[in-house]
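For reference, the structure discussed in these notes is given below.
In what follows, every chain begins at residue 1, and chains take the letters A, B, ... in the order their sequences are listed.
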Amino acid sequence: MKVIIDERLVIKNLKNIRFAFAFQTLALVGIVIYDGITKGFNNITNNPIWLVLILTSVILGYLNLSISVDSYENEKRIRKMPYYLLVLCCVAAGVIFGLLTKITSNSSLADSIIIGAVIFLCFLGTFSFGYFLIKKRSKDDEE
Amino acid sequence: MKNNVKVFRVHADLTQHQLAEKVGVTRQTISLIEKGKYNPTLKLCLEICYAVNKTLDEIFWVDQEES
């Protein structure tokens, strides 16, 4: 197969892929909903397609972070914020969620610690990615 | 967007197919650029300029009122 180098066709190809992606996503959501109706909505999360949908949205979210960073208005405020403050905010989120788990359900201390740690890591990963992206962009601007 | 690609291509004695081969795109793309139905990237604009030995100004400049 010939490699397409024509910029117009490359853009057209990307638009086609976007359309196919939207169609595929709709079809997958349809399958998951159908599965939910026939086998019960509690079983939705057991379906591997559910995992595919979740992972796709996570990947899309991370890729779109660079777009959000570009259009973020309060960039200067974030740039001046020291990194340790960001880590502290994530620790606070982890502790709050851990405590909420302990208070609202009958789960053990180990469970609430695990949930708190997972929430902390998720927050830290996402915010660190955004933080270093903003730092990198602002460094590029200054150069 | 309006441009003078067709005029200078004919001046350079090139067919759409020859120009397309020189700049590495398809003939349809050159045709759409000439008709003003596709806006090429700056890179492709420069390639076209090199191919017909003209400047960007001469081929792609349009006055603000016209654009």
Side-chain angles (χ1 to χ4, degrees), chain A residues 1-28 55-79 126 128-143, chain B:
Chain A
M1 212 173 100
K2 204 176 165 187
V3 179
I4 299 167
I5 50 164
D6 186 327
E7 57 176 43
R8 184 180 61 89
L9 297 180
V10 169
I11 291 168
K12 209 171 178 184
N13 192 25
L14 283 174
K15 281 180 183 168
N16 292 347
I17 291 172
R18 189 175 60 176
F19 180 76
F21 175 76
F23 177 79
Q24 194 180 42
T25 307
L26 278 176
L28 291 181
L55 284 178
T56 310
S57 47
V58 168
I59 290 169
L60 192 65
Y62 265 93
L63 292 176
N64 278 345
L65 265 178
S66 58
I67 296 172
S68 311
V69 164
D70 279 355
S71 59
Y72 203 69
E73 284 176 358
N74 300 326
E75 192 190 324
K76 278 184 182 157
R77 196 165 52 86
I78 291 277
R79 208 191 305 173
T126 313
S128 298
F129 189 74
Y131 181 85
F132 289 113
L133 219 60
I134 289 173
K135 277 270 179 192
K136 195 172 168 282
R137 291 289 155 95
S138 56
K139 208 178 157 189
D140 289 344
D141 289 346
E142 280 155 19
E143 281 169 5
Chain B
M1 215 165 73
K2 206 179 153 194
N3 57 67
N4 299 317
V5 173
K6 190 174 181 179
V7 175
F8 290 112
R9 176 178 61 75
V10 174
H11 275 203
D13 203 20
L14 290 168
T15 62
Q16 281 189 343
H17 190 81
Q18 285 167 332
L19 179 61
E21 277 202 338
K22 268 193 163 188
V23 299
V25 295
T26 58
R27 192 194 60 75
Q28 286 87 343
T29 302
I30 297 294
S31 169
L32 288 171
I33 292 169
E34 286 183 357
K35 285 178 191 162
K37 287 182 180 172
Y38 172 67
N39 288 332
T41 60
L42 185 56
K43 189 171 170 271
L44 183 53
C45 289
L46 284 170
E47 292 289 341
I48 293 170
C49 292
Y50 300 145
V52 296
N53 273 325
K54 293 288 169 190
T55 61
L56 268 178
D57 252 23
E58 288 172 301
I59 300 183
F60 291 102
W61 180 260
V62 278
D63 287 326
Q64 208 167 15
E65 300 91 63
E66 285 181 61
S67 66

Subject >> Atom CZ of A:Phe132: over 12 foreign heavy atoms under 6.0 Å >> reply: yes
Original post:
Which atoms of A:Ile4 come close to chain B, meaning under 4.5 Å heavy atom to heavy atom: side chain ones, backbone ones, both, or neither?
Top reply: neither
Subject >> Residues A:Arg8, B:Leu32; criterion side chain to side chain contact (heavy atoms under 4.5 Å, CB included); working and verdict >> reply: CA-CA 10 Å; A:Arg8 184 180 61 89; B:Leu32 288 171; 3.4 Å; yes
Subject >> B:Thr29 OG1 to A:Leu9 CG distance, which is reported to the nearest 0.5 Å >> reply: 5.0 Å
Subject >> A:Lys12 NZ to B:Tyr38 OH distance, which is reported to the nearest 0.5 Å >> reply: 11.5 Å
Subject >> B:Asp13, CG: over 12 other non-hydrogen atoms inside 6.0 angstrom >> reply: no
Original post:
Atom CD1 of B:Ile30 and atom CG of A:Asp6: how far apart are they, to the nearest 0.5 Å?
Top reply: 8.5 Å
Original post:
Does A:Glu7 reach the main-chain N or O of B:Thr41 with its side chain, forming a donor-acceptor pair under 3.5 Å?
Top reply: yes
